[in-house]
J.: 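If you scroll down you'll find the structure; I have some questions about it.
Numbering starts at 1 and runs along the sequence shown.
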Amino acid sequence: MKPGDKILFAFPILLGVVVCAIAGMLFFSTREFEKSYIAAEMRDVMTEAELVSDMIRPMLLAGNVAAAVDYCEKFPERSRRATLVREDGAVVADSVADAAGLDNHATREEIAPALTGTPGVSTRFSSTSNARMIYCAMPIDINGNGHIEYVLRLAIRNDDVDAMISGAKTSTTLALALGVFLTCAIALYILIRVRLPLVRLQESAQSIARGNLNERISIPEKGVVRELATTVSRMKEQLKAQLDRITAERNGREFLFSALSEAVLLFSEDGNALYLNSAARRLFGAHATSGKFDLSRCGSAELVALANRAFSENVPVEAEISLETGNATRTLFAKGGPIFQDGERRLLLAVTDLTNLRRLESFRSDFVANVSHEIKTPLTGILGAVDALESGALEKPKMAEKFLGILSSQAKRLNALVQDVLSLAAIERRQISGGKETLPFRLDAAVENAVNYCRSRAEAANILLEISKNDPTDFEGDSRLIEQAVINLVSNAIKYSGSPRIEVSLKKDGNTAMLTVRDFGIGIPSEHHARIFERFYSVDKARSRSLGGTGLGLAIVKHIARLHGGAESLESVPGEGCVFRIRFPLRGL
């Protein structure tokens, strides 16, 4: 039994103990009363027996036995039984029964000591009187010489005291049974209406404490626990509603922080990270399950110094800092300040990664410079030719024809440059906006169209242009841009490779289509491979300009491949030619 159960069942246990104690006391008192009553009756009977023996002794002394017998048989006290017994145990007279029909009484419990001269008493059931009797036997010494000739026995019925004692015992037994019944009833009531509901309520409370707020509280239909269970159930519902609200707020806040592109960090004064959103974990390389991330592991001494200044001066801080990540250096902008949370000071920081922005700014600056430089060359040629014509070259047909040719070629070069810049800008804009404007088409047909477009140009350069393999391939994308990518690769090979033969192939392998343009010309040294797809990058700038190249053809190829989820690559060995590949993923039309 648990300590709580001992307290709960203390009242019925105490009640049972009290009932048993009272019953024991009643039984003991009844027994003592019985003993006292019988002892008092015995004293009274003994006194009467002594008086009666004194009355019949003179009769016996005078030899008038008949008078003594007649007195006993007609004993005046009807509530008493008088019996006269001879020294040999024979019954001479009896006031209730016929003396001749009675057994020898020499061995009776009360008679035996009286025959020796000592008064005897006993209590037993008499079959003659069919009742429980109290007997007292008085010896009669007729001659006073110590010889007992007769014994007078008086008996009194014990029915009244037996009935009273029996009634008392019956009442005591009934009281004990009633007490036991009440004790069991109270214990059963406590068990059913209190203990079991409390156990169920305790189990429910333990389940709720473990976090199961969907646990159903069992509410008894009646009993003292009903109100408590109702209160606990109401408290559980309020707790669940409050926890749901807090969880929703936390999830909303977590979703908001997770959706932010900026890194959000919360630090304690000892430098331990109390919270990092997903952007912070990605930026600083901290795992979501790690609870040991701190400022000393952030990889930026400038960020540590900024945090120390915020804590020491208790002021908001902001600065552009550097972060070393592997072999790269990232540029960050950190802004934040001290806050108080749960009575303790914290540092909340928002960190923005400016690396791509700075790289874009640098790229834009370089792009503008490159475009300006590339435009300047044809413009210079055009302006020079115009000045020459204005200075009198028009009057000289040969010189006019020369300068007009310069105007035409430089204008075409400028137009090609502008067209390529516009095409590249349009492709980039579609990459950023996500608007791909895709339609299903046959990729092998687009390859064939592009090769046919370039065939006349290849024949003019005495180059054999052929399609070695062209697997039928269903594709989803922009067929015009795909054709432009193939045209740019083939045109580059015609212009710069010096190869007598160019092979174009399209191979389908599972969920991938591989477009390959191979030449067998001069090749490209390995130091140029990493940058060959950059804007305005040329292996031989002078040769590129002389052939009318803009430096944007391969950059356009790269962006067209990326727009369609593909990837570009180059394999080349100087003197053995080049292999340009574009790998396109197939989406299973």
Side-chain angles (χ1 to χ4, degrees), residues 416 419-459 463-497 499 501-520 524 529 532-535 550-572 577-589:
Q419 291 298 325
D420 282 351
V421 169
L422 292 176
S423 296
L424 188 59
I427 296 171
E428 287 182 335
R429 186 164 56 251
R430 288 177 63 176
Q431 283 181 293
I432 295 173
S433 64
K436 297 183 180 180
E437 301 175 6
T438 59
L439 291 172
F441 68 95
R442 290 289 293 273
L443 190 58
D444 54 304
V447 171
E448 187 174 351
N449 291 338
V451 170
N452 290 336
Y453 179 83
C454 298
R455 196 174 298 281
S456 60
R457 195 180 307 172
E459 291 174 354
I463 297 175
L464 177 62
L465 177 61
E466 60 182 357
I467 300 177
S468 60
K469 187 176 182 61
N470 197 16
D471 293 338
T473 305
D474 292 324
F475 194 68
E476 185 178 294
D478 191 325
S479 61
R480 183 182 60 83
L481 291 180
I482 297 296
E483 290 179 9
Q484 183 180 354
V486 178
I487 290 171
N488 284 5
L489 290 175
V490 173
S491 297
N492 269 15
I494 293 172
K495 288 181 182 178
Y496 307 119
S497 68
S499 172
R501 182 165 57 94
I502 299 174
E503 289 183 359
V504 179
S505 67
L506 176 65
K507 295 181 181 179
K508 183 180 178 182
D509 183 12
N511 293 326
T512 301
M514 186 68 73
L515 172 65
T516 304
V517 177
R518 180 191 299 271
D519 67 67
F520 304 90
I524 299 174
H529 290 188
I532 196 66
F533 291 98
E534 291 183 5
R535 297 172 176 86
T550 63
L552 295 175
L554 293 180
I556 292 175
V557 170
K558 180 183 75 172
H559 284 279
I560 291 175
R562 302 285 176 85
L563 180 65
H564 289 83
E568 71 289 341
S569 63
L570 166 64
E571 295 179 9
S572 178
C578 298
V579 180
F580 285 91
R581 291 190 176 93
I582 302 177
R583 179 182 56 80
F584 291 109
L586 300 178
R587 297 177 177 84
L589 298 178

J.: Is the backbone of Pro472 close enough, under 3.5 Å, to the side chain of Arg442 for a donor and an acceptor to pair up by distance?
T.: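 No; judged by distance alone, with no hydrogens or angles, the pair does not exist.
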
J.: Sequence neighbours left out, what passes salt bridge (Lys or Arg N to Asp or Glu O under 4.0 Å) with Arg581? Give chain and number order.
T.: Glu571

J.: Please name the pair of heavy atoms, one in Glu448 and one in Ile467, separated by the smallest distance, quoted to 0.1 Å.
T.: CA-CD1, 4.0 Å

J.: CG of Leu586 to NZ of Lys508: how many Å apart, nearest 0.5 Å?
T.: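 So the CG of Leu586 and the NZ of Lys508 are separated by 6.0 Å.
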
J.: Where do Ala446 and Phe441 come nearest, in terms of heavy atoms and distance?
T.: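 In this case the closest contact between Ala446 and Phe441 is CB-CE1, 4.0 Å.
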
J.: Flag the pair Leu570 / Cys578 as yes when at least one side-chain heavy-atom distance between them is below 4.5 Å, and no otherwise.
T.: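 Result yes, sub-4.5 Å side-chain heavy-atom pair found.
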
J.: Taking only residues two or more places apart in sequence, or in another chain, which ones meet Glu466 in a salt bridge (Lys or Arg N to Asp or Glu O under 4.0 Å)?
T.: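 Checked Glu466 against salt bridge (Lys or Arg N to Asp or Glu O under 4.0 Å); matches are Arg501.
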
J.: At their closest point, which heavy atom of Val490 faces which heavy atom of Cys454, and how far apart are they?
T.: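 Smallest heavy-atom distance, with atoms named: CG1-CB, 3.7 Å.
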
J.: For Arg583, what residues pass the side-chain hydrogen bond (donor to acceptor under 3.5 Å, both in side chains) criterion, not counting sequence neighbours?
T.: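 Counting only residues at least two positions away or on another chain, Arg583 forms no side-chain hydrogen bond (donor to acceptor under 3.5 Å, both in side chains).
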
J.: Given 3.5 Å as the limit, does a donor-acceptor pair link the side chain of Asp444 with the main chain of Thr473, or not?
T.: yes

J.: Checking Phe584 now: which residues fulfil ring-ring contact (aromatic ring centres under 6.0 Å, His included) with it, not counting sequence neighbours?
T.: Phe475

J.: What distance do Asp478 atom CG and Ile560 atom CD1 have between them, rounded to the nearest 0.5 Å?
T.: 8.5 Å

J.: Go through the structure and list residues passing salt bridge (Lys or Arg N to Asp or Glu O under 4.0 Å) with Arg457, not counting sequence neighbours.
T.: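 By the salt bridge (Lys or Arg N to Asp or Glu O under 4.0 Å) rule, Arg457 matches no residue at all.
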
J.: Search all heavy atoms of Ser569 against all heavy atoms of Phe533 and return the closest pair with its distance.
T.: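 Here Ser569 and Phe533 meet closest at O-CZ, 4.1 Å.
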
J.: Nearest 0.5 Å please: distance from the OG atom of Ser505 over to the CZ atom of Arg518.
T.: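 That separation rounds to 7.5 Å.
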
J.: Once rounded to the nearest 0.5 Å, what's the spacing between atom CG of Leu465 and atom OG of Ser499?
T.: 10.5 Å

J.: Which heavy atom in Ile502 sits nearest to a heavy atom in Ala493, and how many Å separate them?
T.: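 Nearest pair, atom of Ile502 first, then Ala493: CD1-CB, 3.5 Å.
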
J.: Can you tell me how far apart CG (Asn492) and CG (Leu554) are? Round to the nearest 0.5 Å.
T.: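 Answer rounded to 0.5 Å: 4.5 Å.
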
J.: Would you confirm whether Thr512, through its side chain, and Pro585, through its main-chain N or O, come within 3.5 Å as a donor-acceptor pair?
T.: no

J.: Only one of Asn470, Leu489, Leu515, Thr516 clears side-chain contact (heavy atoms from CB on, under 4.5 Å) with Val504; which?
T.: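 In the set Asn470, Leu489, Leu515, Thr516, the residue that makes a side-chain contact (heavy atoms from CB on, under 4.5 Å) with Val504 is Leu515.
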
J.: For the residue pair Ala513 and Leu506, what are the closest heavy atoms and their distance?
T.: CB-CD1, 4.2 Å

J.: Do Glu568 and Arg562 meet the salt-bridge criterion of a basic N to acidic O distance under 4.0 Å?
T.: yes

J.: Side chain of Asn488, backbone of Val557: donor and acceptor closer than 3.5 Å?
T.: no

J.: Would you say OH of Tyr453 has more than 12 non-hydrogen atoms from neighbouring residues, nucleotides or ligands within 6.0 angstrom?
T.: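 For Tyr453, atom OH is not crowded (no more than 12 foreign heavy atoms under 6.0 Å).
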
J.: Please enumerate all residues that pass salt bridge (Lys or Arg N to Asp or Glu O under 4.0 Å) together with Lys507, with sequence neighbours excluded.
T.: none

J.: What is the distance from atom OG of Ser497 to atom CZ of Phe520, rounded to the nearest 0.5 Å?
T.: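 Ser497 OG to Phe520 CZ: 10.0 Å, rounded to 0.5 Å.
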
